[in-house]
2 protein chains.
Amino acid sequence: MGSPWKALSDDNRRRILLLLKKKEIVTPTEIAHHFNFTMSGVSINLRILKEANLITEKREGKNKLYSLNRTTTAELARFFDDMYDYKLKSLKEYIENKERKRK
Amino acid sequence: MGSPWKALSDDNRRRILLLLKKKEIVTPTEIAHHFNFTMSGVSINLRILKEANLITEKREGKNKLYSLNRTTTAELARFFDDMYDYKLKSLKEYIENKERKRK
DNA sequence: TTGATAGTTATAGAACTATATAAATGTTTA
DNA sequence: TAAACATTTATATAGTTCTATAACTATCAA
């Protein structure tokens, strides 16, 4: 299992994650077009994200479909909690404000 | 300003952060002893953490004192929020439980 | 089976990162 | 000021990461 910290430390990989968040499910080709990346570059970065358990992959015919793994962040969240537990309180307020606005 | 993602991607730097969390305030010498790091190694990693705004530094006589910057994580938290907003909601519940226990 | 499409792996070079040793800087105290 | 202590910077080196090009593999459809 690769380090999620290393996986997240690259700008392009974080951009890919945000795209996956937005589109729910995406093929490597779509990612390559969207950001103007080479296919091999996309493929490698998807592998790194997959090995860090940040995304999941499935094949559908010719295509591979990638989507966010929404459970893994617990590991990262735990670090932030260990680190900044009182900070998470202000994060909580931030989330609450956001929720208020949403309504 | 250095990237907090790069700063966090190194195991030793995260260990230093956790130590800072625990001890509140620490000198480079203490860190070096605690983990058996060289002074120069500690110094460089502290610089990287400082440039990423994850810690703050002050001088007190001969010593330099380092402590967690408890406000910066907002930047990182925002990414997690963009990414995993529903996740942060559960994090919020988790924090609330924690607060309840504290009382 | 062949061709077309989708994606991955191999390889190599450039850029970056980590770490150790040694030299240099800043601060205090005698 | 000189000596001692605390820390940082310089330099070199080993290792890692990123990215591009080219070669390879997998799936489908004719």
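It should be emphasised that the depicted structure is a prediction, and the values quoted were computed from it without experimental measurement. Residue numbers begin at 1 in each chain, while the letters A, B, ... track the order of the sequences. Because only heavy atoms are used, hydrogens play no part in the values below, and waters and symmetry mates are left out as well, while side chains stay in.
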(request) Give one of base, sugar-phosphate or nothing for A:Thr27, where a contact means two heavy atoms less than 4.0 Å apart. (result) sugar-phosphate
(request) May I ask you to evaluate whether B:Thr38 reaches the phosphate of C:dA20, defined as a side-chain N or O under 4.0 Å from OP1 or OP2? (result) yes
(message) So, does B:Arg59 get its side chain near the phosphate of D:dA6, meaning an N or O under 4.0 Å from OP1 or OP2?
(response) no
(request) Report the distance from atom CG of A:Leu46 to atom P of D:dT19, rounded to the nearest whole Å. (result) 13 Å
(request) Search all heavy atoms of B:Ile55 against all heavy atoms of B:Leu17 and return the closest pair with its distance. (result) CG2-CD2, 3.6 Å
(request) Give one of base, sugar-phosphate or nothing for A:Gly41, where a contact means two heavy atoms less than 4.0 Å apart. (result) nothing
(message) Can a donor-acceptor pair be found, under 3.5 Å and without considering hydrogens, that links the side chain of A:Glu30 to the backbone of A:Thr27?
(response) yes
(request) Consider the side chain of B:Ser40, meaning its heavy atoms from C-beta on, and name the nucleotide among C:dT8, D:dC28, C:dT21 that approaches it most closely. (result) C:dT21
(request) Please determine, for the side chain of B:Ser43, which listed nucleotide (D:dT8, C:dT5, C:dT8) has the closest atom? (result) D:dT8
(request) With the side chain of A:Asn12 defined as its heavy atoms from C-beta on, choose the nearest nucleotide among D:dT8, D:dT19, C:dT8. (result) D:dT19
(message) Quick check: on DNA chain C, is the nucleotide nearest A:Lys50 upstream (toward 5') of the one nearest A:Lys6, or the reverse? Name the residue that is more 5'.
(response) A:Lys50
(request) Map A:Glu60 and A:Asp10 onto DNA chain D by nearest heavy atom, then report which one ends up closer to the 5' terminus. (result) A:Asp10
(message) In whole Å, I'd like the distance from the CZ atom of A:Phe37 to the C1' atom of D:dC18.
(response) 12 Å
(request) Scan A:Lys64 against the nucleic acid and name what it touches under 4.0 Å (heavy atoms): base, sugar-phosphate only, or nothing. (result) sugar-phosphate
(message) Of the options C:dT8, C:dA18, D:dT8, whose atoms approach the side-chain atoms of A:Met39 most closely?
(response) C:dT8
(request) Hey, could you give me the OG1/CG distance between B:Thr56 and B:Leu68, rounded to the nearest 0.5 Å? (result) 8.0 Å
(message) Output the rounded distance in Å from CD (A:Glu30) to C1' (C:dT5).
(response) 14 Å
(request) Round to the nearest Å and state the distance from A:Ile44 atom CD1 to C:dA10 atom P. (result) 10 Å
(message) Please tell me if A:Tyr66 has a side-chain N or O lying less than 4.0 Å from either OP1 or OP2 of C:dT8.
(response) yes
(message) In whole Å, I'd like the distance from the CG atom of A:Leu49 to the C1' atom of D:dC18.
(response) 14 Å
(request) Write down the distance between CD (A:Glu57) and P (C:dT8), rounded to a whole number of angstrom. (result) 7 Å
(message) Between B:Asn69 and B:Asn53 (side chain of the first, backbone of the second, donor and acceptor by atom type, cut-off under 3.5 Å), is there such a pair?
(response) yes
(request) State whether A:Arg47 places a side-chain N or O below 4.0 Å from either non-bridging phosphate oxygen (OP1 or OP2) of C:dT8. (result) no
(message) Rounded to whole Å, how long is the line connecting atom CZ of B:Phe35 with atom C1' of C:dA20?
(response) 19 Å
(request) Could you please name the option among D:dT27, D:dC18, D:dA6 that lies closest to any side-chain atom of B:Asn63? (result) D:dA6
(message) For a quick test of reading the model: is some side-chain N or O of B:Asn45 closer than 4.0 Å to OP1 or OP2 of C:dT17?
(response) no
(request) Drop me the distance from A:Ile16's CD1 to A:His34's NE2, to the nearest 0.5 angstrom. (result) 11.0 Å
(request) May I have the distance from A:Lys62 (atom NZ) to C:dT8 (atom P), rounded to whole angstrom? (result) 15 Å
(request) Report yes or no: does B:Arg13 contribute a side-chain atom to a donor-acceptor pair with the main-chain N or O of B:Ala7 at less than 3.5 Å? (result) yes
